[in-house]
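Remember, it's a predicted structure, so these values are computed and weren't measured experimentally. Naming convention: chains lettered A, B, ... in sequence-line order (proteins, then strands); numbering from 1 in each chain.
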Amino acid sequence: MLVMVGIKLVQQKPFKSTFQSIYVIRRLRFLRKKWEEDKKEDGTKWRFLEHKGPLFAPPYDLLPENVKFRYDGKVMKLSQDAEEVAGFYARMLDHDYTTKSTFNNNFFTDWRKVMTHEESKIIKDLSKCDFKEMQQYFLSVSEKNKNRTKEEKAELKAKNEEIQKEYGFCTIDGHKEKIGNFRIEPPGLFRGRGEHPKMGMLKRRVMPEDVLINCSKDSKVPKPPPGRKWKEVRHDNTVTWLASWTENVQGQAKYVMLNPSSKLKGEKDWQKYETARNLHKCIDKIRETYRADWKAKEMRIRQRAVALYFIDRLALRAGNEKDDDQADTVGCCSLRVEHIELHKEKDGKEYVVVFDFLGKDSIRYYNEVPVEKRVFKNLEHFMENKKDSDDLFDRLTTQTMNEHLKELMPLLTAKVFRTYNASITLQRQLDELTDPDATVPEKILAYNRANRAVAILCNHQRAVPKGHSKSMEALKEKIQAKRDLIDEAESEYHDAARAAKRGSVKEKLACDKKKKALERLKEQLMKLELQETDRDENKTIALGTSKLNYLDPRISVSWCKKHGVPIEKIYNKTQRDKFRWAIDMAGPDYVF
DNA sequence: ACCCCAACTTAGGAAGAAATAC
DNA sequence: GTATTTCTTCCTAAGTTGGGGT
């Protein structure tokens with residue numbers, strides 16, 4: 001596989017700018033050499049791995065003496081642990097979380113566990129706790145931090161860079177690579193999304209004794225803090241993580257891993273898009289197959305075929321089963337009867353399925369979808385004699401779905417459809433929406449619209465930014481002001497033109513100037529109007545997630561190269577770092 | 001067949017930094 | 001210069017997937 005990468009790289013088209021092509025050729029040669037040297041076909045991920053270990057959260061700072069906690073109106077001095085946990089809650093007093101009884105109950109139960117015996121004898125009712133002074137104190141501290149002088153800021157920045165330099169990088173197979181998350185998660189209250197049964201529980205402080213270190217045998221093993229021990233040091237080169245620990249709320253493993261800009265992550269990402277491109281080659285066949293399976297005798301197969309149709313057409317997630325100590329969310333395979341409604345006819349359309357459920361992160365998915373009659377009839381059948389809370393696809397799991405997909409194409413799984421449909425949609429929308437003669441801002445709007453089509457397909461939502469309507473109004477005012485200016489400039493230009501007609505060189509020059517000024521204003525107006533459209537259309541849609549995780553970056557890169565749009569207009573610094581491989585690889589003619 | 005876990009990708013919101021408006 | 005808005009980065013929760021155990 002990795003040898004193929006090398007070949008693929010050298011076959012790429014020449015690039016436009018000399019600077020770039022020299023750089024690219026050198027880089028390609030380098031990459032190919034490296035990748036051949038590093039070739040690992042046995043499932044091992046590295047041969048050498050060295051790092052400094054994770055950075056622990058700073059120790060707890062006691063509150064100043066004058067900051068009081070009160071219980072039932074009376075001042076009470078808390079023990080260190082109780083005070084720290086109280087502080088976690090105090091910081092969140094303005095947050096919506098503290099209005100939820102699940103959050104409050106979980107917090108209170110866990111808080112009482114860290115209290116001394118005496119404290120827990122007194123503090124028995126959360127509503128009698130007064131955290132106001134603590135909250136005020138934390139607010140004042142962050143206010144003070146905001147008002148730091150230039151020098152203080154510079155000093156802080158320098159310190160952080162020092163830390164980044166020491167902990168932020170590792171050496172892997174001879175390369176220095178950036179680490180993604182080298183900081184151990186600090187203690188706090190668990191912020192589960194949606195109606196999470198565990199929200200508000202105490203996430204306790206992670207100690208060196210909780211931490212597993214992974215590095216190579218012949219590396220300098222990271223040292224635990226003085227007088228402390230790691231839980232374990234292992235040398236497992238079949239995995240990519242550098243350190244891990246188990247978080248106490250959900251019992252999940254947490255990992256320190258490489259930054260997306262790293263070669264290891266980049267190659268994986270590249271491979272993901274190659275799999276999606278492979279799907280493109282057999283998608284017609286697969287669609288034929290599942291349509292045929294709508295008629296299958298076996299229920300199991302019909303359910304699988306209808307579910308796959310949803311995964312393909314609606315870009316739904318696979319939908320694993322979830323425990324009831326997690327928020328109740330679903331994906332395709334875990335849909336329940338209560339999540340869809342069937343309408344023989346709705347708003348003039350036949351056979352409409354209305355989806356309404358909470359997906360990942362408890363984001364609502366609502367969609368009215370006209371479907372083939374056969375799909376509709378199947379759904380009716382699946383729902384017969386079932387309660388609302390029963391599984392729609394009771395004969396189907398993500399495992400059996402993925403096993404089936406493996407047979408249709410190597411490496412095919414449910415999520416590949418999301419990647420594929422996202423990327424192909426971007427490519428098609430870009431083709432459709434890009435006017436080659438348009439200005440760069442217009443092209444960028446076209447790009448964002450294409451991106452938006454994908455975000456809508458994948459249901460990537462966000463909360464309406466606060467102050468959205470206000471900022472829209474401000475923008476509208478600005479536009480009106482600009483229009484007035486243009487009117488003014490127009491009449492000035494007309495006057496100047498008349499003067500220039502019979503006037504001297506001087507008047508002609510003045511007229512030219514007016515003309516230029518008018519054009520500049522018009523251009524500014526257009527920019528503003530584009531911004532207005534863009535912002536309003538984006539109100540509840542998040543473009544970042546699809547850009548970062550679903551869109552083959554080579555599509556965007558080639559579009560930029562083809563249409564003379566600087567790549568910086570599409571990808572910011574972080575994104576350019578992550579997609580370095582694609583920026584180097586894809587020429588203007590790349591096709592997904 | 002089913003369950004569970006490890007490892008990895010995908011996700012929205014918070015916090016911080018930078019840009020722009022005033 | 002300061003306040004406000006917008007963009008970027010950080011954070012970590014919440015998914016998917018494959019594999020191993022029973």
Side-chain angles (χ1 to χ4, degrees), chain A residues 43 45 91-92 95-97 142 145-148 153 156-157 160 164 180-186 188 190-194 196 198-199 203 212 214 236 238-241 244 246-247 249-260 264-265 268-269 271-272 311 317-323 326-327 329-334 358-363 397-403 405-406 411-416 418-419 422 455 458-463 465-468 470-471 474-475 477-478 531 535 538 540-550 571-575 577-578:
Chain A
K45 308 287 169 63
R91 284 169 206 274
M92 293 180 72
H95 202 284
D96 213 30
Y97 272 121
S142 55
N145 289 345
K146 239 187 273 166
N147 296 329
R148 276 191 275 244
K153 277 181 189 163
L156 206 65
K157 200 174 168 192
N160 277 328
Q164 172 77 30
N181 57 323
F182 56 87
R183 282 170 210 273
I184 296 245
E185 295 172 16
F190 178 71
R191 293 155 100 106
R193 321 252 169 89
H196 197 116
K198 295 193 167 185
M199 64 168 87
K203 211 170 83 158
L212 300 173
N214 194 31
D236 181 355
T238 67
V239 296
T240 67
W241 54 267
S244 112
T246 302
E247 159 271 343
V249 175
Q250 308 214 79
Q252 286 172 349
K254 299 276 187 166
Y255 302 94
V256 171
M257 287 190 189
L258 294 180
N259 188 273
L264 202 73
K265 294 282 189 192
K268 196 81 190 296
D269 208 34
Q271 192 192 318
K272 174 180 81 185
I311 285 171
R317 296 187 185 81
N320 285 296
E321 290 298 325
K322 291 184 75 181
D323 296 335
Q326 294 170 295
T329 64
V330 298
C332 186
C333 297
S334 51
L358 297 181
K360 181 176 179 180
D361 293 310
S362 295
I363 296 291
T397 66
T398 53
Q399 286 86 346
T400 57
M401 175 63 85
N402 281 333
E403 274 158 32
L405 295 176
K406 286 266 126 56
L411 303 178
L412 186 61
T413 63
K415 85 186 181 92
V416 179
R418 248 168 105 78
T419 311
C458 295
N459 200 229
H460 290 143
Q461 297 191 23
R462 61 168 184 178
K466 68 168 180 297
H468 171 81
K470 210 176 98 203
S471 85
L475 197 52
E477 267 171 39
K478 243 167 105 180
Q531 197 187 351
R535 189 186 297 174
N538 254 354
T540 58
I541 299 166
L543 301 187
T545 304
S546 50
K547 211 184 215 179
L548 222 52
N549 300 301
Y550 288 103
Y571 289 143
N572 67 30
K573 177 74 168 51
T574 321
Q575 295 167 158
D577 284 344
K578 169 167 179 174

Over all strands shown, is [X] touching base, sugar-phosphate only, or nothing at heavy-atom distances under 4.0 angstrom?
X: T329(A); value: sugar-phosphate
X: T397(A); value: nothing
X: A318(A); value: sugar-phosphate
X: Q326(A); value: nothing
X: K157(A); value: nothing
X: G319(A); value: sugar-phosphate
X: A463(A); value: sugar-phosphate
X: K360(A); value: base
X: R91(A); value: nothing
X: R193(A); value: base
X: D361(A); value: sugar-phosphate
X: P186(A); value: sugar-phosphate
X: E247(A); value: nothing
X: G544(A); value: nothing

Let me know the distance between [atom1] of [X] and [atom2] of [N], rounded to the nearest Å.
X: N214(A); N: dA7(B); atom1: CG; atom2: C1'; answer: 12 Å
X: K573(A); N: dA17(B); atom1: NZ; atom2: C1'; answer: 15 Å
X: R317(A); N: dT10(B); atom1: CZ; atom2: P; answer: 11 Å
X: L548(A); N: dG12(B); atom1: CG; atom2: C1'; answer: 12 Å

Will you find, in the side chains of R418(A) and Y550(A), an N or O donor that is under 3.5 Å from an N or O acceptor?
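Indeed, the side chains of R418(A) and Y550(A) share at least one donor-acceptor pair under 3.5 Å.
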Check the angle between the aromatic planes of Y255(A) and W241(A) and answer parallel, tilted or perpendicular using the 30° and 60° thresholds.
tilted
Looking only at the side chain of [X] (C-beta and beyond, no hydrogens), which of the listed nucleotides [options] gets closest?
X: H196(A); options: dA14(C), dT10(B), dA13(C); answer: dA14(C)
X: V239(A); options: dC8(B), dT12(C), dT10(B); answer: dC8(B)
X: H95(A); options: dT17(C), dA13(C), dA14(B); answer: dA14(B)
X: K406(A); options: dG12(B), dC8(B), dG18(C); answer: dG18(C)
X: N402(A); options: dT10(B), dG18(C), dA13(C); answer: dG18(C)
X: K203(A); options: dC8(B), dG18(C), dA13(C); answer: dA13(C)

Nearest heavy atom decides the nucleotide; on that basis, is I184(A) or C332(A) closer to the 5' end of DNA chain C?
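Its nearest nucleotide lies further toward 5', so the answer is I184(A).
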Go nucleotide by nucleotide along DNA chain C from the 5' end; which of S362(A) and L412(A) gets its closest nucleotide reached first?
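Whichever sits nearer the 5' end wins; that is S362(A).
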If only side-chain N and O atoms of [X] are considered, is one of them under 4.0 Å from the OP1 or OP2 phosphate oxygen of [N]?
X: T545(A); N: dG12(B); value: yes
X: K322(A); N: dG15(C); value: yes
X: Y255(A); N: dT12(C); value: no

Quick check: do Q250(A) and F190(A) have side-chain heavy atoms less than 4.5 Å from each other?
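Contact flag for Q250(A)/F190(A) side chains = yes.
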Can you check whether T238(A)'s main-chain N or O pairs, donor with acceptor, with K45(A)'s side chain at less than 3.5 Å?
yes
Can you tell me how far apart NE2 (H196(A)) and OG1 (T329(A)) are? Round to the nearest 0.5 Å.
10.0 Å
